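Written below as C-alpha cells is the structure these notes are about.
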Amino acid sequence: MLTGSGMEICVAEAEKRSGKNAVNMQETFTHADKCSPDSLWRRYSEFELLRNYLIVTYPYIVVPPLPEKRAEFVWHKLSADNMDPDFVERRRVGLENFLLRVASHPVLSNDKILYHFLTEHGWKEAVCETGFQAKVDSRLRALSATFRVRNPDKRFMEMKHYSDELQSHTSQLLRARARVADRLYGVYKVHGNYGRVFSEWSAIEKEMGDGLQSAGHHMDAYAASIDDILEEEEHYADQLKEYLSYAEALRAVCRKHELSQFELEMASQDLISKKQQREELTTGIVRTFSFKGMTNKLFGQEAPEQREARLKLLEELIAEGEESVKEKTVEREEHVERAWVDMQRFKEQKDKDLREALISYAVMQISMCKKGIQVWGNAKECFLKM
C-alpha cells in the first residue's frame, strides 16, 4: 500500500507484445496493475529506470533489488529461457515484491516519480525533468576513480565487509542447492524405471500381477512429481537471490559514504594548502619546496602589487574552500545519519525475511521426504496384497 494514497499495488501478468527494442528483438511487457480499472503496461527496462532513479536520488537508502532478468543458479534440467512461463511467473512475483517493498518504505513511498510510475503513461518525462541522469554520470565517474579514504567510518567499513560475506555465503548456498536439486531430480526420475519394470513384470504374473502394476503406478506418479516440487523450490531460491542482490545495494550505500568522506578529505586538504600559501606569502617564509619559490629566489621577489593581488585571490579561494568544507561536512554527516538508520531497518527486514524463507524451505523438504515415505508405504501395501 502507498502511504496515505489508498492505492493497492499488484503486478497482474506479463505479456509478449509486438513492440521491438533497439536491436529489433521482441520485448516483454509487464502489466503493472494498481488493482483498479486504470492499469498500465511497463517494460522490465522501465522498472530498471525507476530503480536507478531511486538509487541516485536516495543514496543513503538500501534500495530493494529487481528480480533477475535471466535465470541463474538453476538446476540444469530447468529452462533458463527468460520466456519460460514458469520463470516469467516468478519474475512477475519478483517485480510485484519490488514495488511493494518500495511502496512500504518510509521514505521511498512518498516519492512523486514512484507515484507517476504507478499512475501515468508518460512517467518517463517526469524522470527526465528531475535531471537525475547527470547525477548518474557524475556518480559513476566518481566511483570508477581510484581513491583511498583516510578516515572512513568504521561502522560502514564493517557493513561493507558484511555485505561481501552475505553475497559470498548466499552464492554458495544457491550453488549447493542447485547441485542437490540435480541429484534429487535424478533420484526421482529413476523411480520411473521401477514403474516400468513393475508394469512389465505384472504382465507375466497371474497372482502378483495386480500388486506389481499398482506399485508401478505409484512409482510413476512419484517420478513425475519432481518437476512440480523443484519448480516450487525455485520460489524459495528466488527469496535468497533477492538478498544476493541486496548485498550489492548495501555496498552501494557504503561506497557513497566513502565517496563523500573522500571529497571532504580532499576539500580539507586543499583548504590547508591554500592557508599555508597565504602564510608563506604573508611572512615570506617558504615551508615547502615549490618551483614558484625557487624562481623567486633566482630572479627576485614579485612586485608588491602582484603580491597583494595573489593574497586577495588566496583569501577568496580560502573563503570558498571553507564554505566547501562546511557543505561537504554537512553532506557527509547527513549521509552517515540517514544511511545508518536505513541500514538498521534493512537488517531487521533481512533477519525476518531470511528466517521465514529458510524455515519454509526446511518445511518443504520435510514434506517432500514424507511424500517419498508415503509412496514407498503404498508400494509396500501393494506387495503385501500379492
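The structure displayed is predicted, hence computed values, not measured ones.
Phe47 and Tyr44 have their aromatic ring centers separated by at least 6.0 angstrom. Taking the six-membered ring where the residue is Trp, the centroids of Phe156 and Tyr162 are separated by 6.0 Å or more.
Applying the salt bridge (Lys or Arg N to Asp or Glu O under 4.0 Å) test to residues at least two apart or on different chains, the pairs with a partner in residues 183-192 are Lys189-Asp227. Sorted by first and then second residue, the pairs that involve residues 199-224 and meet salt bridge (Lys or Arg N to Asp or Glu O under 4.0 Å), not counting sequence neighbours, are Arg196-Glu200. Pairs passing the salt bridge (Lys or Arg N to Asp or Glu O under 4.0 Å) check and including a residue from residues 159-172, sequence neighbours excluded, read Lys160-Glu258, Asp164-Arg251.
For the side-chain hydrogen bond (donor to acceptor under 3.5 Å, both in side chains) test with Asp342, the passing option among Gln344, Arg338, Arg345 is Arg345; the others fail.
Using a cut-off of 4.0 Å between Lys/Arg side-chain N and Asp/Glu carboxylate O, Lys326 and Glu323 are scored as not salt-bridged. A salt bridge is absent between Arg91 and Glu96: the closest approach of a Lys/Arg side-chain nitrogen to an acidic carboxylate oxygen does not fall below 4.0 angstrom. Checked for salt-bridge contact, Arg310 and Glu315 miss the test: no charged N lies under 4.0 Å from a carboxylate O. Looking at Glu248 and Arg255, a side-chain N of the basic residue comes within less than 4.0 Å of a carboxylate O on the acidic one, giving a salt bridge.
Residues Cys382 and Gly211 share a closest heavy-atom pair of CB-O, 3.5 Å. Residues His218 and Ala379 approach most closely at CD2-N, 4.5 Å, considering heavy atoms. Smallest separation of non-hydrogen atoms from Cys254 and Met343: SG-CE, 3.6 Å. Across His121 and Arg42, no two heavy atoms sit closer than the pair O-NH1, 3.9 Å.
Judged by distance alone, the side chains of Glu242 and Asn97 do bring a donor and an acceptor atom under 3.5 Å apart.
Checked against salt bridge (Lys or Arg N to Asp or Glu O under 4.0 Å), Asp153 has the following partners two or more places apart in sequence or in another chain: Arg155.
Crowding of Trp201 atom CH2: a count of heavy atoms from other residues, nucleotides or ligands under 6.0 Å not exceeding 12. Under a cut-off of 6.0 angstrom, the local environment of OH in Tyr194 is sparse, with at most 12 non-hydrogen atoms contributed by other residues, nucleotides or ligands.
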Output a table of donor-acceptor pairs, distance under 3.5 Å, between side-chain atoms of residues 355-377 and any protein atom two or more places apart or on a different chain; print 'none' if there are none.
| unit_1 | atom_1 | unit_2 | atom_2 | d |
| --- | --- | --- | --- | --- |
| Glu356 | OE2 | Lys352 | NZ | 3.2 |
| Ser360 | OG | Glu356 | O | 2.9 |
| Tyr361 | OH | Glu233 | OE2 | 2.8 |
| Tyr361 | OH | Gln365 | NE2 | 3.2 |
| Gln365 | NE2 | Glu233 | OE2 | 2.9 |
| Gln374 | NE2 | Asn378 | OD1 | 3.0 |
| Trp376 | NE1 | His191 | NE2 | 3.3 |

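Using a 30° and 60° split on the angle between ring planes, His257 and His335 fall in the parallel class, below 30°.
Taking Ile, Leu, Val, Met, Phe, Trp and Tyr as members and joining any whose side-chain heavy atoms lie under 4.5 Å apart, directly or through other members, the hydrophobic cluster of Ile318 also contains Leu264, Leu271, Val325.
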